[in-house]
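Before any comments, here is the structure.
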Amino acid sequence: MKKSVVVVLVFLCIFSILFAGCTSSASNDNTGTQITPTSPQPEFNNGDVIGKDVSSTFAVAVVNFDSSRDSYTIEDATKNADGSWQVSTSPSQRDMSQSSVNRQLLFLNPRRHQEYKFE
C-alpha cells in the first residue's frame, strides 16, 4: 500500500513538472534579458568648436547631431583676435559622420554654447 502511494505521488510530481513548463527544450529562445540597442550619443554638443589643432584659427562649429544617422551638421568657424570663435558668413553647413569627426577633430572651445546663435 505504501509503495502504491509513493508511485502515485512520484507520478503526480512528474506530471505537474511537465505541465508547469519546467522541462524546457533547447529550442526555447525566449529566455533571458533582451538587450535593445541605444541611440548613438554625441561626443560634442551644439555650439562646440572643433578643429585639428589647439592653435588652429580655422575650425568647425557643431550645429546639430542627428542620432538616427550618427552624424553631425557642422559649419566653418574662424578664430577672432580676442580668442572667441565666429561662424563663417558663407553658407558652409555640411554633414559629417561622428566617427570622422571623432577621428579628425579636437574640442577647441573652452566656453560652450556662449558665442553661437544657430538658426
Original post:
Atom CZ of Arg94 and atom CD of Glu75: how far apart are they, to the nearest 0.5 Å?
Top reply: 9.0 Å
Original post:
Mind checking what makes side chain to side chain donor-acceptor pair (under 3.5 Å) contact with Thr78, not counting sequence neighbours?
Top reply: none
**OP:** Find out whether Phe65 and Thr73 are in side-chain contact, i.e. whether some heavy atom of one side chain is under 4.5 Å from a heavy atom of the other.
**Re:** no
Subject >> Pairwise salt bridge (Lys or Arg N to Asp or Glu O under 4.0 Å) hits with a residue in residues 60-69, at least two apart >> reply: Asp66-Arg69, Arg69-Asp95
Original post:
Is there a donor-acceptor pair under 3.5 Å between the side chain of Asp82 and the backbone N or O of Ser84?
Top reply: yes
Subject >> Shortest non-hydrogen contact between Pro40 and Gln98, atoms and distance >> reply: CB-NE2, 4.1 Å
Subject >> Any Val101 side-chain heavy atom under 4.5 Å of Glu43 side chain >> reply: no
Original post:
Donor-acceptor pair, Ser92 side chain versus Asp76 backbone, under 3.5 Å?
Top reply: yes
**OP:** With sequence neighbours left out, write down each residue that passes side chain to side chain donor-acceptor pair (under 3.5 Å) with Ser97, or none if nothing qualifies.
**Re:** Ser99, Ser100
Original post:
What's the shortest heavy-atom distance between Asn80 and Trp85, and which atoms?
Top reply: ND2-C, 4.1 Å
**OP:** Give the minimum heavy-atom separation between Ile50 and Ala59, together with the two atoms involved.
**Re:** O-CB, 3.1 Å
